Amino acid sequence: MIRLYDSVHGVVRDLPMREPGRLSIYSCGPTVYSLPHLGHGRQTLVWDVVRRWSTFRGLDVHFVSNITDIDDKIIARALDQGTSTSDVVARYESEWWEAMTALGAAMPDDIPHATDWVPQMISLIESFVEDGVAYQTSDGVYFDVSRVTDYGLLAGQPLDSLRAGARVEANDEKRSPLDFVLWKNAKPGEPSWPAPFGEGRPGWHTECVVMSLGLLGDGFDLHVGGLDLKFPHHENERAQAVAANRPFAQHWGHHGWVMVDQMKMSSSLGNFTSLTDLLGRTDPRAYRLLVLRSHYRSPIEVTTETIADAERALARLDTLARRFELPSLAGATLEVGSNYRWEGEALDLYDRVATNLDDDLNTPPAVAQLFEAVGLANTLADRGATSEAQSFAEAVNVLFASMGLALHASDDALDPLSADLVARRDAARSAKDWVGADKLRDELVEHGWVVEDSAAGTFIRRP
RNA sequence: GGCGGCGUGGCCGAGUGGUUAGGCAGGGGCCUGCAAAGCCCCGUACUCCGGUUCGAAUCCGGACGCCGCCUCCA
């Protein structure tokens with residue numbers, strides 16, 4: 001049974017399942033107005049791993065993640081760039097999926113776009129207005145948080161306590177500073193939809209509650225996102241569901257930050273590194289490994305050093321893949337554990353990894369177990385226990401794939417020049433012309449190859 | 001002010017009342033023509049101060065430091 005920390009109750013508990021064997025997950029997606037940053041990458045990776053592991057364990061996972069394609073920031077960006085909001089959305093949504101695909105994240109089963117759900121949002125808001133849960137001001141429609149008795153559940157604080165800490169806002173038409181906008185009246189020239197309460201656009205909190213319930217239904221299983229979404233975004237989603245008398249997410253999961261110089265990386269601080277940049281200069285799998293090596297709820301520091309560290313660790317795994325000629329798994333494919341024959345030591349390894357991953361996605365010890373297994377496979381092979389070593393290495397490969405990490409045996413194509421250098425080096429070595437062989441090796445290294453000799457001859461690969 | 005999290009060896013990062021995390025880097029050795037990769041061996045850490053205990057990095061209390069949420073934010 002897979003257990004996960006529930007942010008509302010503050011305990012690790014069994015993942016709920018409305019229908020046994022089927023797991024529904026909603027992950028708050030991006031507002032597409034700029035390039036994704038490292039934090040977005042972590043979110044995608046963490047929940048991709050949850051999804052993959054659940055699938056590996058035999059669950060039928062329905063994974064939904066939205067695109068917020070209407071928002072103040074998108075409008076501002078369009079004005080800024082002198083283009084339309086649809087151009088901004090098209091560009092940054094495509095950047096988003098390109099980056100997420102590069103990270104090895106499987107595409108969500110459903111990708112709702114906010115602008116496709118406006119009628120449903122309008123009718124929800126309309127019902128709130130009718131019930132007196134929402135009220136109109138000169139700039140839009142607001143939700144009255146005092147109408148939800150347990151408002152503050154996700155924040156872990158009662159309404160009064162939250163109110164005490166709220167900053168003073170310019171808008172004095174709001175009954176409480178905590179009241180949040182459901183519908184924003186459009187200013188001239190802004191994208192808008194007609195509604196009984198005026199031309200305008202939906203508020204962010206309304207988008208997610210409508211799309212999650214719309215696609216996953218009442219009482220869906222798991223709602224996830226970054227810790228900063230816990231309050232107020234998730235609180236406000238939930239408040240609307242409560243006000244609408246609809247059972248909402250049964251379990252909440254929140255992942256930790258990406259830090260920069262010990263400070264939270266965030267759009268508002270401007271201290272973020274774009275994921276697109278990172279992926280352009282490093283192996284995306286190194287970022288996944290870096291994420292897997294720390295617990296998903298802990299903050300992680302992503303620096304040139306920690307990425308380089310992960311790349312070197314990854315090289316050890318790829319070396320295993322080369323040595324045992326392991327197929328490259330994962331990628332877009334979600335592996336299913338029952339498709340593999342688990343027996344003997346491999347089964348034992350699977351059990352140990354599973355025990356950790358089932359326990360609140362405890363990836364660090366799982367990864368540690370797998371690295372130990374790498375060493376064991378190599379040791380066994382060095383001692384001539386080939387078949388034991390092979391099955392162990394294969395188990396390692398499959399278990400990394402269960403977390404979406406694909407091991408790559410080198411399959412670098414040799415250009416004619418390099419192939420010639422290799423042939424000449426083989427000849428020099430068999431003639432015991434060590435000076436000539438060393439010179440040819442230097443040339444290969446200059447061409448960017450790593451050179452490895454074996455009894456079978458010279459083997460080259462990219463670093 | 002309210003609520004929450006964190007402080008581990010050179011670095012990253014788990015764990016937990018007594019016995020190896022793991023990776024990276026570093027040192028020694030094996031293998032190799034020399035390398036690379038791999039293998040073997042080595043570092044002996046847990047912010048500080050009290051307390052509980054036969055025994056605490058691990059539990060309790062306190063101090064210090066750092067971070068986050070309460071405002072858009074993964």
Side-chain angles (χ1 to χ4, degrees), chain A residues 7 10 27-31 36-47 71-73 152 154-158 160-169 177-178 180 204 224-233 235 254-259 262-269 272 275 289-290 293-295 297-303 305-320 322-323 356 362-372 374-375 377-383 429 432-435 437-438 441 445 450-455 458-461 463:
Chain A
S7 302
S27 175
C28 288
T31 300
H37 60 59
L38 298 182
H40 294 118
R42 188 185 192 191
Q43 165 169 37
T44 295
L45 287 168
V46 164
W47 303 110
D71 184 82
D72 292 0
K73 286 177 176 171
L154 272 93
Q157 295 190 76
D160 288 347
S161 165
L162 284 166
R163 199 177 267 142
R167 295 169 203 193
V168 182
E169 288 196 48
L178 294 167
F180 57 91
W204 179 43
V224 303
L227 262 172
D228 51 356
L229 295 193
K230 192 173 172 186
F231 188 90
H233 182 58
E235 185 81 53
H254 294 99
H255 63 274
W257 308 119
V258 170
M259 311 290 283
Q262 302 192 339
M263 297 226 296
K264 176 191 170 191
M265 171 180 291
S266 74
S267 309
S268 53
L269 290 174
F272 60 89
L275 180 63
L289 183 56
L290 183 62
R293 289 206 298 183
S294 63
H295 189 83
R297 289 192 280 119
S298 301
I300 57 169
E301 186 90 40
V302 181
T303 64
E305 289 74 25
T306 59
I307 286 283
D309 185 274
E311 282 189 305
R312 286 187 294 259
L314 184 63
R316 179 167 162 81
L317 301 179
D318 283 345
T319 299
L320 185 85
R322 278 198 302 282
R323 181 172 191 175
N356 283 303
N362 206 351
T363 54
V367 169
Q369 302 270 15
L370 290 172
F371 268 96
E372 273 189 62
V374 168
N378 281 322
T379 301
L380 286 169
D382 282 356
R383 289 176 186 165
R429 289 184 67 235
K432 298 201 190 302
D433 170 16
W434 306 128
V435 176
D438 287 354
R441 173 166 57 199
V445 169
V450 174
V451 180
E452 293 184 9
D453 294 332
S454 73
T458 288
F459 169 78
I460 62 173
R461 63 180 168 88

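Below, chain A is the first sequence line, B the second, and so on; all start at residue 1. Computed from a prediction, not measured in an experiment: that's the story for all the values here.
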Nearest-angstrom distance, C1' atom, rA14(B) to rU8(B): 10 Å
- request: Give the rounded distance in Å between these two atoms: CZ of Arg461(A) and C1' of rA35(B).
  value: 13 Å
- request: Quick one: look up who rG68(B) pairs with, Watson-Crick or G-U, both distances under 3.5 Å, and put none if it's unpaired.
  value: rC3(B)
task: Report yes if a donor N or O on one partner sits less than 3.5 Å from an acceptor N or O on the other, where the partners are the side chain of Arg323(A) and the base of rA37(B); otherwise report no.
output: no
- prompt: How many Å lie between CG on Leu154(A) and P on rC3(B), as a whole number?
  reply: 17 Å
Distance between P atoms of rA37(B) and rG23(B) (Å, rounded): 15 Å
Are there any protein N/O atoms within less than 3.5 Å of an N/O atom in nucleotides 40-46 of chain B, and if so, which ones and at what distance?
unit_1, atom_1, unit_2, atom_2, d
rC40(B), OP1, Thr379(A), OG1, 3.4

- prompt: Quantified in whole Å, what is the C1' atom distance between nucleotide rU19(B) and nucleotide rC12(B)?
  reply: 25 Å
Pairwise 5' ranking along RNA chain B for Gln157(A) and Val374(A), keeping only the more 5' one: Gln157(A)
query: When we call it a touch if two heavy atoms are under 4.0 Å apart, what does Ala164(A) touch: a base, just sugar-phosphate, or nothing?
result: nothing
Check: rC34(B) base within 3.5 Å donor-acceptor of Arg441(A) side chain: yes
query: Trp257(A) CH2 to rG4(B) P: how many Å, rounded?
result: 17 Å
task: Quick one: label Gly39(A) by what it contacts on the DNA or RNA (base, sugar-phosphate, nothing), any heavy atom closer than 4.0 Å.
output: base
- request: Keeping the roles fixed (side chain from Arg42(A), backbone from Gly256(A)), state whether a donor-acceptor pair exists under 3.5 Å.
  value: yes
message: Let's test this: given Watson-Crick or G-U wobble pairing with both distances under 3.5 Å, identify the partner of rG38(B).
response: rC30(B)
Note: Arg461(A)-Asp318(A) ion pair, threshold 4.0 Å (strictly below): no
Under 3.5 Å, N/O pairs linking protein and nucleotides 7-14 of chain B:
unit_1, atom_1, unit_2, atom_2, d
rG13(B), O2', Arg293(A), O, 3.2
rA14(B), OP1, His295(A), N, 2.7
rA14(B), OP1, Ser298(A), OG, 3.4

- prompt: OP1, OP2 of rG2(B) versus side-chain N and O of Arg163(A): anything below 4.0 Å?
  reply: no
field: Side chains of Glu301(A) and Thr306(A), donor plus acceptor under 3.5 Å
entry: no
query: What's the spacing between His255(A) NE2 and Leu227(A) CG if we round to 0.5 Å?
result: 7.5 Å
- prompt: With no hydrogens and no angle check, do the side chains of Thr31(A) and Asp71(A) hold a donor and an acceptor under 3.5 Å apart?
  reply: no
- line: By the Watson-Crick or G-U definition, both distances under 3.5 Å, rU20(B) is matched with none
- line: Taken to the nearest whole Å, CG/Leu229(A) to C1'/rU71(B) is 14 Å
- request: Could you tell me the separation between the CG atom of Asp453(A) and the P atom of rG33(B), rounded to a whole number of Å?
  value: 9 Å
query: Is Asp160(A) side chain donor-acceptor paired with the rG2(B) base, going by distance under 3.5 Å alone?
result: no
field: Span that lies between the C1' atom of rG15(B) and that of rU58(B), in whole angstrom
entry: 9 Å
- prompt: Any stacking of Trp434(A) on rG33(B), going by centres under 5.5 angstrom and planes within less than 30 degrees?
  reply: yes
statement: Taken to the nearest 0.5 Å, the spacing of Leu45(A) CG from His40(A) NE2 works out to 13.0 Å
message: What's Arg312(A) touching, base or sugar-phosphate or nothing? Going by heavy atoms closer than 4.0 Å.
response: sugar-phosphate
query: What is the nucleic acid contact for Lys73(A), judged by heavy atoms within less than 4.0 Å: base, sugar-phosphate only, or nothing?
result: base
message: With the 90 degree cut-off around zero defining syn, does rG43(B) come out syn or anti?
response: syn
message: Here's a test of your reading of the structure: between Asp382(A) and Gln369(A), which maps to the more 5' nucleotide of RNA chain B?
response: Gln369(A)
query: Do NZ/NE/NH1/NH2 and the carboxylate oxygens of Asp438(A) and Arg429(A) come within less than 4.0 Å?
result: no
field: Spacing of CE belonging to Met259(A) relative to OG1 belonging to Thr303(A), to within rounding of 0.5 Å
entry: 13.0 Å
query: Nearest-Å distance, CE (Met265(A)) to P (rC67(B))?
result: 16 Å
query: Base, sugar-phosphate, or nothing for Val450(A), non-hydrogen atoms under 4.0 angstrom?
result: sugar-phosphate
field: Distance, P atom - from rA56(B) to rC60(B), rounded to whole angstrom
entry: 16 Å
- prompt: Phosphate oxygens OP1/OP2 of rA74(B): is one of them under 4.0 Å from a side-chain N or O of Lys264(A)?
  reply: no
- request: May I have the distance from Phe231(A) (atom CZ) to rG4(B) (atom P), rounded to whole angstrom?
  value: 15 Å
field: Spacing of the C1' atoms in rU20(B) and rC46(B) (rounded, Å)
entry: 16 Å
task: Establish, from distance only, whether the side-chain atoms of Thr319(A) and Arg316(A) form a donor-acceptor pair under 3.5 Å.
output: no
- request: Could you work out which one of rC39(B), rG33(B), rG22(B) sits closest to the side chain of Arg316(A)?
  value: rC39(B)
- prompt: Using a cut-off of 4.0 Å on non-hydrogen atoms, how would the nucleic acid contact of Val46(A) be classed: base, sugar-phosphate, or nothing?
  reply: nothing
message: With a 3.5 Å limit on both atom pairs, tell me what rU52(B) is paired to, counting Watson-Crick and G-U wobble, or say none.
response: none
- prompt: Given the P atoms of rG33(B) and rC24(B), what is the spacing between them in whole Å?
  reply: 26 Å
query: Quick one: are Asn356(A) and Gln369(A) in side-chain contact, heavy atoms under 4.5 Å?
result: yes
- request: With heavy atoms under 4.0 Å as the rule, sort Asp438(A) into base, sugar-phosphate or nothing.
  value: base
- request: Tell me the partner of rU44(B), counting only Watson-Crick (N1-N3 plus N6-O4 or O6-N4) or G-U wobble (N1-O2 and O6-N3) with both under 3.5 Å; none if nothing fits.
  value: none
message: By the 4.0 Å heavy-atom rule, please label Gln262(A) as base, sugar-phosphate, or nothing.
response: sugar-phosphate
- request: Quick one: pull up CH2 in Trp257(A) and OG in Ser266(A) and give me the separation to the nearest 0.5 Å.
  value: 8.0 Å
d(CZ, Arg297(A); C1', rG68(B)) in whole Å: 15 Å
message: Once rounded to the nearest 0.5 Å, what's the spacing between atom OG of Ser27(A) and atom CG of Leu229(A)?
response: 9.0 Å
query: To the nearest 0.5 Å, how far apart are CG in Asp453(A) and OG1 in Thr458(A)?
result: 4.0 Å
- prompt: Between rA63(B) and rC41(B), how far is it from one P atom to the other, in whole Å?
  reply: 46 Å
